[in-house]
Amino acid sequence: MARRPMLWSMSYARLPFDPETYLTDVRMFQQEGFGAVYLIDDEQKAIIETGTSWDASKILEAVKTFGLQPSDIDALVVSHIHLDHAGGAGFLLSDMPRAKVYVHERGFKHLVDPSKLVASAHQALNDDEADLFGTMRPIPPDRLVAVKDQDRLDLGTHSLVFYDSPGHAPHELTILDERNRCVYTGDAAGLYFPGDEILMPIAPAPSFDLEKNLETFRHLLALKPRALLFSHYGPHTKPKAAIEAMMALYPSWARVVKQRLASAGEDGVLQELYDMSCRAAKRFPRDFLERRIRVSIRGLAAYHERLEHVGPGR
Ligand SMILES: [Zn+2]
């Protein structure tokens with residue numbers, strides 16, 4: 001039976017750079033092209049990013065459709081511990097008896113006991129958003145691996161190098177695959193909306209730090225990657241141009257929030273940032289993009305407030 005190609009696919013599709021690296025769209029927040037979960041099909045099998053708790057069943061389905069069993073998976077790598085990246089991990093493990101979860105050392109204790117993390121995420125979100133972000137299931141310490149800067153994970157032909165990449169969050173990692181020179185950026189390099197080709201900062205409260213994020217961008221540039229593999233969403237094949245654009249956008253957004261929030265209010269700033277970054281939107285709905293921007297307005301406001309109270313050079 002001939003099957004028509006689907007716009008988004010529950011199964012894993014191969015990336016152009018590499019015969020062993022695959023991408024599936026979990027339709028995070030019910031949006032096509034927002035939640036990327038990668039699979040490296042090497043001697044050891046690794047999944048990069050685990051989505052929200054809602055996405056775990058979709059990942060299991062994609063793994064089976066691909067032709068593997070969940071019990072074949074050796075490693076689950078989470079770029080950071082926010083619910084849309086690490087939320088799925090605790091729900092996948094019962095079906096993946098071999099798998100260990102690789103997480104930044106600063107995130108380790110929050111995956112063992114996610115109660116604070118879930119509470120603070122839900123506090124920052126309104127009810128229907130909180131529902132979309134799902135929840136977390138505690139992960140036993142013996143199923144977790146705490147990762148430090150420049151730690152490695154060898155999968156066979158692929159070798160992953162983890163880099164401490166603060167800015168978006170203090171527990172953020174970017175991950176270089178030495179075989180194909182692609183970098184998994186988590187949320188460290190902002191958001192990429194393919195098709196519309198929109199690049200957008202993502203600067204959430206409570207701990208976004210502009211200076212650290214800019215330092216992370218400089219490090220990403222120095223790696224000279226062949227492509228950036230965004231968690232939101234997918235491969236960007238002009239990494240230098242993308243990083244340089246973000247290095248201009250982050251400070252611009254920070255400036256708009258600092259100078260205009262008091263006078264224009266959140267809705268006024270939202271309008272300005274949307275016009276600045278999202279005019280090309282066709283594929284992604286305005287409402288969806290605006291929700292992402294609001295997260296950054298609040299995070300940038302919190303960042304400026306912190307600087308005022310503590311002063312620079314903390
Ligand atoms: Zn995210």
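Everything numeric in this text was worked out from a predicted model, so none of it was measured. Both counts, for ligands and for their atoms, begin at 1 and track the order of listing. Here, residue 1 is the first one in the sequence, and each next residue gets the next number.
Between His232 and Phe34, the ring-plane angle classifies as parallel under the 30° and 60° cut-offs.
Of all protein atoms, those of element N, O or S that lie under 2.8 Å from the Zn ion (ligand 1) number 4.
The hydrophobic clustering, which links ILVMFWY residues whose side-chain heavy atoms are closer than 4.5 Å, places Tyr102 and Ile175 together.
Shortest non-hydrogen contact noted between Lys45 and Leu68 is CE-CD2, 3.9 Å.
With sequence neighbours excluded, no residue satisfies side chain to side chain donor-acceptor pair (under 3.5 Å) with Ser252.
The aromatic ring centres of His171 and His110 sit 6.0 Å or more apart.
Note that Arg286 lies outside the cation-pi zone of Phe288, set by a 6.0 Å cut-off to the ring centre and a 45° limit from the axis.
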